[in-house]
Structures are given as structure tokens and as C-alpha cells.
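Following: one structure in C-alpha cells, then a few remarks.
Numbering starts at 1 and runs along the sequence shown. Quick caveat, the model's predicted, so the values are computed rather than measured.
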Amino acid sequence: NAEYMGFINLFEIEMAYRDIRNLSEIMRQLGYSRRISLENFQQPNFQLVAELLYWMVQRYDPSADISDNIDEEDDRVNFIKSVTQLFVTKARLKLNPLKLYQANVGAVKEMLKIAVMLNKAMSTSITDEEDSSAVEFNLSNKLYNLKQARQLAREITESGAKLYD
């Protein structure tokens, strides 16, 4: 039993490390400059969780009216409630406010949901921009080919008329 419990703890630590690494990578891709490490979440770190959440809210909806004041317990509760409500109503993303409030490794999984959604949206918009430029190039290419075809048709018609005369 003690061996089994040790295995469970190692497994949980490995999963936590993987989640933090994934969150850190995705946040870097999104443009977040601060380094995120496992040590940041060994102890509850509400300041960092709030900073990350506020940054992601601003990335998702810059016009969102969420206060970043977290000085008092009521302020922290209202902050978490506002963030979870925003993502549930606008992104249909269900978050566990209790895990976010605990501000430990459990909060990482919840923040990872938001980060993955933002990253997918960003990569989709980049792909769409590439596709639209390819379409524009393809369209201009077809337009050029159409003009050449018209010119050739005009020349053939003129040549045919000259031969007939």
C-alpha cells in the first residue's frame, strides 16, 4: 500500500510538471513574457494565478470589465467569479473556480484550458491569413490567365477574318 501511494504521488507530480510545462510553452507562444515554472506552484501563489488569468482575459476580450484588485479575500473571490463567468458565457469554457482560487497545481489545469483555447484561436487566425493570401494570389493568377485567353480569342478571331477576306 505504501508503494502504491508513492507511485500515485510520483504520477501526480509528473502530471503536474507536464501541465505546468505545457502552460508555460503555450503562454510563451501567446506572447506572455514572464517565466512559469514548477516552483511557482509548490505553494499557493494567488498573485501569479491572478496575473495569468487577467492577462488571458485581456487577450481574449480587451474590453472585459474585470477588476485586477485582489487585496482582500472578497476581491479575490469576485475576481475568480468574474473570470469564470466571462469564460463560461463568452467562450463556453467551464472552469472550476475552487481550483483557481486555491492557486496551486490544480489551478494550472484550469488555466491550461483557457491557454489552449487562446492558442487554437491564434493558430486558426494565422492559418486563415495564410489561406487568404494564397487565395488572393490564386485569384490574381486566374485573372491574368483570363485576360490572356481573351487576348488570344481576339487574335484568333482577327486572323480568321483576315483569312476569310
For atom CD of Gln47, decide whether the heavy atoms of other residues, nucleotides or ligands shown that lie under 6.0 angstrom number more than 12.
no
Can you tell me how far CD of Gln42 sits from OG of Ser37, rounded to the nearest 0.5 angstrom?
8.5 Å
Shortest non-hydrogen contact from Ala103 toward Ala107
CA-CB, 4.0 Å
Distance check, rounded to the nearest 0.5 Å: Leu112 atom CG versus Leu52 atom CG?
11.5 Å
Is it true that Lys113 and Glu110 make a salt bridge, defined as a side-chain N closer than 4.0 Å to a carboxylate O?
yes
Atom CZ of Arg59 and atom CD1 of Ile114: how far apart are they, to the nearest 0.5 Å?
13.5 Å
If you group Ile, Leu, Val, Met, Phe, Trp and Tyr by side-chain heavy-atom gaps below 4.5 Å, do Val108 and Val116 land in one group?
yes
What are the two closest heavy atoms between Leu93 and Val88, and how far apart are they?
O-CG2, 3.4 Å
CD1 of Ile36 to CE of Met27: how many Å apart, nearest 0.5 Å?
5.0 Å
Can you see which heavy atom on Ile80 is nearest to which on Leu100, and at what distance?
CD1-CB, 3.9 Å
In terms of heavy-atom contacts, does CG of Asp71 have more than 12 from other residues, nucleotides or ligands at under 6.0 Å?
yes
Can you establish whether the number of heavy atoms outside Gln29 located under 6.0 Å from its atom CD is more than 12?
yes
Can a side-chain donor-acceptor contact be found between Asp61 and Ser63 if the only test is distance below 3.5 angstrom?
yes
Sort out for me which residue in Glu25, Met122, Met56 forms a side chain to side chain contact (heavy atoms under 4.5 Å, CB included) with Leu30.
Met122
Compute whether any side-chain donor of one residue and acceptor of the other, for Gln151 and Glu155, lie under 3.5 angstrom apart.
yes
Under 3.5 Å, side chain of Asp75 to main-chain N/O of Asn69, donor-acceptor pair present?
no
If you measure from CG on Asp68 to CD on Gln58, what distance do you get to the nearest 0.5 Å?
8.5 Å
Please check if the side chain of Asn119 supplies one atom and the backbone of Ala115 the other of a donor-acceptor pair under 3.5 Å.
no
Aromatic ring pairing Tyr60/Phe87, orientation class (parallel under 30°, perpendicular over 60°, tilted between):
tilted
Is Val77 linked to Tyr54 within one hydrophobic cluster, defined over Ile, Leu, Val, Met, Phe, Trp and Tyr using a side-chain heavy-atom separation of less than 4.5 Å?
yes
Looking at CG of Asn22 and CE of Met111, how far apart are the two atoms once the value is rounded to the nearest 0.5 Å?
13.0 Å
For residues Val105 and Ala16, report the shortest heavy-atom separation together with the two atoms involved.
CG1-CB, 3.1 Å
In short, side-chain hydrogen bond (donor to acceptor under 3.5 Å, both in side chains) pairs touching residues 93-109 with sequence neighbours left out are Asp19-Lys109
Provide the closest heavy-atom pair for Ala64 versus Val57 in the form atom of the first, atom of the second, distance.
CB-CG1, 3.8 Å
Report yes if the side chains of Glu51 and Tyr32 come closer than 4.5 Å at any heavy-atom pair, otherwise no.
yes
Closest approach of Ala50 and Ile70, non-hydrogen atoms and distance?
CB-CD1, 3.7 Å
